[in-house]
J.: 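Take this structure first; my questions come after.
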Amino acid sequence: ETVSLSSFHFWVKRQLLCAKLHHPAWNNVAAQGLLINVPLLTAVGLLVAGLVYGNTQATLWNAASLMAYWNVLFIFCVYSYSTLPMTRNHLVPISIFDDYV
């Protein structure tokens, strides 16, 4: 299945509207979205500003923070992928590395 950026944008708006209309804690949903995206967008903006103004130290710190963010996100994705079989097989623990042992 392919998804264009415009259809994804429409889907996100529809999901947020549904949450706003039907979720009793809509303010918490909005706060979570802001708490996740504002620091990330700020780091990207500061990285670009550091590159534009030639501030090497700021650029390296922002690049390191973004890499740390994406590494943690990758670790969480691997962890959640490794727990999927446990939910499918009635909580029988398996490791994603069993194929390599």
Side-chain angles (χ1 to χ4, degrees):
E1 178 179 350
T2 59
V3 178
S4 67
L5 187 57
S6 61
S7 64
F8 175 72
H9 185 260
F10 178 73
W11 177 82
V12 168
K13 287 190 333 186
R14 188 176 69 236
Q15 294 299 314
L16 288 174
L17 178 63
C18 182
K20 184 176 182 179
L21 294 176
H22 302 290
H23 200 284
W26 159 247
N27 292 333
N28 294 344
V29 173
Q32 180 191 13
L34 288 174
L35 288 173
I36 290 172
N37 290 307
V38 168
L40 185 59
L41 291 174
T42 302
V44 170
L46 290 172
L47 177 68
V48 171
L51 288 171
V52 168
Y53 291 112
N55 189 339
T56 307
Q57 185 176 7
T59 302
L60 291 175
W61 274 106
N62 283 299
S65 68
L66 288 171
M67 287 177 21
Y69 173 82
W70 287 111
N71 285 333
V72 168
L73 187 64
F74 175 75
I75 290 168
F76 283 143
C77 288
V78 168
Y79 176 74
S80 61
Y81 176 76
S82 67
T83 59
L84 283 176
M86 288 173 45
T87 58
R88 288 190 200 128
N89 296 326
H90 306 288
L91 300 177
V92 175
I94 66 165
S95 172
I96 61 171
F97 302 109
D98 283 346
D99 296 336
Y100 301 106
V101 178

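We count residues from 1, following the sequence as given.
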J.: Enumerate, atom names and distances included, each donor-acceptor pair closer than 3.5 Å involving a side-chain atom of residues 29-50, sequence neighbours excluded.
T.:
{"from": "N37", "atom 1": "ND2", "to": "G33", "atom 2": "O", "distance (Å)": "3.0"}
{"from": "T42", "atom 1": "OG1", "to": "V38", "atom 2": "O", "distance (Å)": "2.7"}

J.: Counting only heavy atoms not in Y69 (residues, nucleotides, ligands), do more than 12 fall under 6.0 Å from its OH?
T.: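 Yes, because the 6.0 Å sphere around OH of Y69 holds more than 12 heavy atoms from other groups.
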
J.: Taking M67 as the starting point, is it possible to reach F74 by hopping between hydrophobic residues whose side chains are less than 4.5 Å apart?
T.: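 No, because F74 and M67 fall into different hydrophobic clusters, even though each may have its own neighbours under 4.5 Å.
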
J.: What side chain to side chain donor-acceptor pair (under 3.5 Å) pairs are there with at least one residue in residues 3-28, not counting sequence neighbours?
T.: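 For residues 3-28: S4-S6, S4-S7.
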
